[in-house]
Amino acid sequence: MSDKPFVSMEGIDKSFSGNQVLKDVRFSLIPGEVHALMGENGAGKSTLIKILTGIHGKDAGTIEVKGKEQNFSSPKEAEKDGIVVIHQELNIIPYLTVTQNMFLGKELTWGKTGILRQKEMYEQTKRNLAMLGVEDIDPNETAGDLSVGKQQMIEIARALSTKAEMIVMDEPTAALTDKEIENLFSVIRSLQSQNVAVVYISHRMEEIFNICDRITVLRDGEYAGMKVLNETSFDEIVKMMVGRELGDRFPERNHQLGETIFEVKNLEREGHFKDVSFDVKAGEILGVAGLMGAGRTEIMETIFGAAKRKAGEILIDGTPISIRDPSDAIKAGIGFITEDRKNEGLVLHLSIRENIALTNLKSVSEKGWMSHKKEQQLVEKLVEKLHVRTTGAEQDVQSLSGGNQQKVVIAKWLGIQPKVLILDEPTRGVDIGAKKEIYHIINELTEKGVAILMVSSELPEILGVSDRIMVIHEGELASILDGKEANQEMIMKAATGGEYRAEIHNE
Amino acid sequence: MQKFITNNLARLGPLLGLILIMVVLGFASDNFFTLDNILNLLRQISINALIAFGMTFVILTGGIDLSVGSMLAFGSALTAGVLASGMDPILGVLIGLLAGLAMGAFNGVVITKGKVAPFIATLATMTIFRGATLVYTDGRPITGLSESFVFEMIGQGYVFGVPFPAILMVAVFFILFLILNKTVFGRKVYAIGGNEEASILSGIKADRAKIWVYALTGMLSVLAGIILTSRLNSAQPTAGSMYELDAIAAVVLGGTSLAGGRGRITGTLIGALIIGVLDNGLNLMNVSSFYQQIVKGGVILLAVLLDRRSK
């Protein structure tokens, strides 16, 4: 590692229509390091990267790349100097092959004829993939058929093919399985050994401590500090991020478990899972763990009537209920906070009011006519209760931050006063402050006797909040663990069917 | 505040356009701003407006209905047939409207239960309903309708000097405005068009709502057809062909997004007025019908381009 920075940004200011989003921010990156960029949603991480790559202009400050002052006017220009950004939403065209994606926009041709040099591009793709240790990806395969993890590898390979010296990865593990995360980490380490610098943007603390060398923290658009990771602690970083002690990461719970109110018996969905049986008591949180693709979300969708079940029974308060579609489930008192809030949870261009009303149309109307008063009352009550930070109930939900959008989704479902609430990855893409608020809301619900089913891929979260943990492995219930006794190793062992090697996940 | 102004400017865009066109035409032709001409204009647009109102609902759900003209023709022919056979005219109108409801519901079922894209489904039924009309009429106009006062009233009547079709159009507009803005059903229409998946997961029976929307459009198309039949005192098997284009144009001119979820029925009324005013004014100015088409198309294109610019 040389100490001469590859990129050095100093005193960066930026305002959008009078609203200052970055103030005197600095950031520097040394070749061959993995540098975490962290901060709550809206702290200015993406804006900083966008200024570096020329998507936004800066108001003040200097940017130096390889010791020379630079002001890129577009990402394409930044790419020429070796800076590549891999966005959370991957830039892969699903119907094209791996090779075609790899050379998109910079195809090799015979002179200026436009005739493609197919074979050469194929060979080069193969070499690039081999360099990353992912030889199992066939360059002729259709990219859309590959897993998200492999698609990400294509993007990294593409970045390398442009001789990237700095790769920015924005939430790279959000959609990856644990195996794929391991794979990504070994690729990052090999990039490091080739002296490529990586900027790692993530909300996942464990990963940052696992893979990164240094961390820069932003808070409310200001530089909150830079630390070397093995000289700092989890608590210190959190404090830098939120500007205060956050206390326990998972709030204390004092609640009484009631009677069993929710039972699922021998549930089966063709091609996804079979013979899943479990129950949840009033006031209990049943965590649902498992690898990506194990069938956790599919089980929840099926309970909720959003997918057809082949067999099985669902009982509330001991009475079997017939669920043919989501409206039946809602009538029975089941709420479902879906994993993908943008596509499944919200109508983005509608207001907070209209989104919250969506699940509560019956209670905010009379004989088919909307009651403006009832709607207003319900919405105001819920917005206040959940502390949704907004300019008012008429604000479009698309202009809210991730954490506040998630609160609107939760508000939608609190309105129906559910007996059973299913939460699928409720804190994904949500910053640490809002996460804690969401845990508080869940706790309040359990105190009122709501039965909670919570799917999560973050093991610390599952362990932190669950009374019991149900582990799913390849469409079957692998085990149900006691929340107090369980640890990460036990969950991973059950989730992988026993093949889990403990050393990889040790931090 | 700035957002508030731009938002409302976008909303007012179609209305400003309409006023601009009317002012220009008012200067160009002395006859434009006469009471007779304005009333005449309202009658002329009633047919397109009624179809476009239904089309607004369909487009708000993210769909499209190309079969409106064919439904109009079949419903008209059926009504005329019933009348020609000497039955009660009110019964004839009801049968026609029910047929429209059924044809529209059929579209809806094919689209929701059959999972066929609305464009393709209604392209097919457009042909089917037109064919059915030709079979029913044997390809000939149905004439010799009853001399019923009630039936003649629909297309030719006046109430206090105002053409009855115009009154009918305004009444239907108010009812649909209330449905869209004040009822649970209206809310569902916007939600489904905005994000169907999220709506279903919120417990909305999207298929059912969409079938009703297409059924409504079928019925409104036939209502438009009955006005036409009453005016001409005969039903033409080729009636209503290409009417879907003017209806879609009115919806788009009114600012409703073809992607669904966004738009207003008031906009559609203004859109229908813009098309009507153009037709009417250019006629008054004796512009050849060949040029009229170019002007009409140009205005639609200009409106959409301006709309893009403001976004």
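Letters A, B, ... are given to chains in the order of the sequence lines, protein chains preceding strands, and every chain is numbered from 1.
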Residue part contacting chain B, namely of [X], when any heavy atom lies under 4.5 Å:
X	answer
A:E366	neither
A:I330	side chain
A:E375	side chain
A:S371	neither

Show your reasoning for whether side-chain contact (heavy atoms from CB on, under 4.5 Å) applies to B:T183 and A:M370. CA-CA 5 Å; B:T183 68; A:M370 296 297 293; 5.6 Å; no
From [X] atom [atom1] to [Y] atom [atom2], the distance as rounded to the nearest 0.5 Å:
X	Y	atom1	atom2	answer
A:I337	B:L201	CD1	CG	12.5 Å
B:N195	A:H349	CG	NE2	9.0 Å
B:S202	A:E344	OG	CD	10.5 Å
A:D325	B:I204	CG	CD1	12.0 Å

So, for B:A191 and A:L358, which heavy atoms are closest and what is the spacing to 0.1 Å? CB-CD1, 3.4 Å
For B:G203 and A:S327, work out which heavy atoms get closest and say how close. O-CB, 3.2 Å
Of the backbone (N, CA, C, O) and the side chain (C-beta and beyond), which part of B:K205 lies under 4.5 Å from a heavy atom of chain A, both, or neither? side chain
Between B:I179 and chain A, with a heavy-atom cut-off of 4.5 Å, which part of the residue counts as in contact: side chain, backbone, both or neither? neither
Which of residues 410-424 of chain A get closer than 4.5 angstrom to chain B, counting heavy atoms alone? A:K412, A:W413
Do other residues, nucleotides or ligands put more than 12 heavy atoms under 6.0 Å from the CZ atom of B:F177? no
Heavy atoms of other groups near B:Y190 OH, more than 12 under 6.0 Å: yes
